[in-house]
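All values reported here derive from a predicted model rather than from experimental measurement.
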Amino acid sequence: LIEHKFSSALKFQQASRYADIHNDYDSTYGVYWDTSYLEPDIPGFVGGTPYLPGSNEEQLYRTRWRAVTDTQTFNQDTNLEVKFSTGIVEHKVLGGIDYSNFQARQGTASALDLNTINVYNPVYGQGVWLAQCGNTAAIVPDLEICAYADQEITQTGLYLQDQLRLGNWIAMLGVRMDWVENESGNVTQKDDAVSYRAGLMYEFASGFTPYISYGESFLPVAGGPPGDPYDPQEGRMYELGFKYQPRGANFAINSAIYDIAENNRIVYDTNSTLYGRQIGAVAIKGFEIELTGQITQNLKVVGGYSYTQAEYDDGSTINGNQIESIPKHLASMWGVWEFDQPYLQGWSVGAGVRYIGKSWDSYNVIEVPDVALFDAMIAYEEDNWRWSINAKNLEDKEYISTCLSRGDCWYGNARTITTGLTYKF
């Protein structure tokens, strides 16, 4: 991150980031109950009805899925900010260019267990795995990657934004142009789009500031079947809200309602392939509220709540159902205590709780229970230095975060501890 102020009216900013990530994902999960259903495409395999809740079956067929992915990403954003006036109107103009490059090489493999396992009295290590590799099938002890597929996405964007002030009125107008090239296998897909954003707010003397805004989005989507890249995801949003902090008060309230529409979202349901499918549209509506307050000289508290009605809007069998992984209710409360005793000067501790409401799969059949998670923080700060250690899911609670309609679910993040050291100069 680089920032340089040429003067009080002109500022240059540059941000670059590079990441190189290797991921080896290997999972085994249930797919069919032991019934008389025959899977015609897999010699020697007898399967049954998909794994769904409410069944009284005991013997379960399993499948194993492995994906090895190497990913490199590079992002760069360069812009200039200039302040000036035209008569009684003040301007803050921001213009720049950003560039991103995403490269991924992924290999996948799958295998089916020819033997079943009793889900109530499992005996492990008895599986006979039939691995699929190209057009051949063989019983193998290890699941090796058969072939790899490559994908590269490059995106270049030009943007210009003007923030205008006239007395207590503040307006914002912005435009962005994107060019995207998505190369998957021997297929190259090119897309471009112009997106706009605008906002208007008014600052009352009481500290109450209402606003209204409109924005559009254009986002390349990685993944998809080899040789068939996904189309970019597009959307628009209306938002109406306010910010309120009374003059001299030690608390503030922020709240907003919003209406979002998106196209080309990826969904994984019983009609999907292994790579999912892009559906026509989703509609997301909701509201959120946040309160912050300096309760005492030492204690600061932040609390928030949001309600989200996120529904599929593609006219299919899941039309009107809540999008999986998006609960309707989210709430959080966080407090930080800063010590002022001489021997503890600079130290602070924090603790909080996050509530994640229940959600459903896209067919509203499998329920994901709600959960409350606790977080904590310890930090030390002096003139130029700051050190902190943060813990999320402090209790290491085991919980489910997502379930798909095809029957598979995922655990949420276990206890995660991070630490960081910052120096300002």
Side-chain angles (χ1 to χ4, degrees), residues 1-18 74-101 154-180 192-219 236-256 258 290 292 294 300 302 381-386 420-425:
L1 302 175
I2 301 173
E3 179 179 306
H4 178 70
K5 291 184 179 180
F6 295 95
S7 67
S8 60
L10 182 62
K11 181 170 65 175
F12 168 82
Q13 298 177 101
Q14 159 72 35
S16 298
R17 184 176 191 269
Y18 175 78
F74 175 73
N75 304 90
Q76 179 173 294
D77 184 8
T78 305
N79 62 66
L80 279 173
E81 179 185 283
V82 57
K83 300 177 182 179
F84 60 93
S85 298
T86 55
I88 60 175
V89 180
E90 300 175 4
H91 298 264
K92 183 192 293 185
V93 176
L94 179 71
I97 179 172
D98 61 27
Y99 170 83
S100 65
N101 179 266
T154 58
Q155 178 182 11
T156 304
L158 292 174
Y159 57 90
L160 183 65
Q161 175 182 295
D162 188 5
Q163 181 177 305
L164 308 93
R165 175 184 281 272
L166 176 59
N168 290 351
W169 288 97
I170 302 174
M172 189 273 295
L173 300 171
V175 61
R176 178 183 172 92
M177 180 70 196
D178 280 287
W179 296 268
V180 174
D192 57 74
V194 179
S195 51
Y196 303 92
R197 59 183 305 193
L200 182 66
M201 65 168 51
Y202 185 84
E203 292 182 332
F204 287 95
S206 63
F208 181 71
T209 306
Y211 69 90
I212 185 172
S213 67
Y214 170 81
E216 298 175 344
S217 62
F218 176 79
L219 180 68
R236 63 101 185 115
M237 180 181 72
Y238 298 100
E239 183 174 335
L240 177 65
F242 70 86
K243 302 178 180 181
Y244 179 51
Q245 183 172 12
R247 303 286 181 177
N250 58 0
F251 72 91
I253 303 174
N254 302 322
S255 184
Y258 52 88
E290 181 187 67
T292 62
Q294 193 75 36
K300 181 180 180 180
V302 179
E381 184 171 6
E382 57 181 30
D383 295 336
N384 296 327
W385 293 93
R386 186 179 192 276
L421 186 65
T422 304
Y423 178 73
K424 295 178 290 184
F425 59 93

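Taking 4.5 Å as the limit, every side-chain heavy atom of Y244 sits out of range of all side-chain heavy atoms of P210.
No more than 12 heavy atoms of other residues, nucleotides or ligands shown are found within 6.0 angstrom of NZ on K300. Surrounding CZ of R165 are more than 12 heavy atoms belonging to other residues, nucleotides or ligands, all under 6.0 Å away. Heavy-atom contacts from other residues, nucleotides or ligands closer than 6.0 Å to CG of L421 number more than 12.
Taking CD of E203 as the reference point, atom OG1 of T209 lies at 5.0 Å (rounded to 0.5 Å). The distance from atom CD of Q161 to atom NZ of K92, rounded to the nearest 0.5 Å, is 9.5 Å. With rounding to the nearest 0.5 angstrom, the OH atom of Y99 is 14.0 Å from the CH2 atom of W179. Here the straight-line distance linking atom CZ of R17 with atom CG of D77 works out to 14.0 Å at 0.5 Å rounding. Note that CG of L173 and CD of Q163 are 10.5 Å apart. Values are rounded to the nearest 0.5 Å. Here OG of S16 is found 11.0 Å from CG of D98. Values are rounded to the nearest 0.5 Å.
The shortest non-hydrogen separation linking D383 to K424 is O-CE, 4.3 Å. L160 and G95 get closest at one heavy-atom pair: CD1-CA, 4.1 Å. When all heavy atoms of L80 and L10 are compared, the closest pair comes out as CD2-CD1, 4.3 Å. V175 and Y196 get closest at one heavy-atom pair: CG2-CE2, 3.5 Å. When all heavy atoms of F242 and Y211 are compared, the pair lying nearest together is N-CE2, 3.5 Å. Summarising the geometry of L200 relative to A171, their closest heavy-atom pair is CD1-CB, 3.9 Å, with the distance given to 0.1 Å.
No side-chain donor-acceptor contact under 3.5 Å links E90 and S85.
Judged purely by atom type and a 3.5 angstrom limit, R247 uses its side chain to pair as donor or acceptor with the backbone of A205. Judged by distance alone, the side chain of N79 and the main-chain N or O of L94 form no donor-acceptor pair under 3.5 Å.
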### Task
Output, in order, the C-alpha distance, side-chain angles, deciding distance and verdict of ring-ring contact (aromatic ring centres under 6.0 Å, His included) for F12 and H4.
CA-CA 5 Å; F12 168 82; H4 178 70; 8.0 Å; no
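Aromatic ring orientation, Y423 versus F425: parallel (interplanar angle below 30°, classes split at 30° and 60°).
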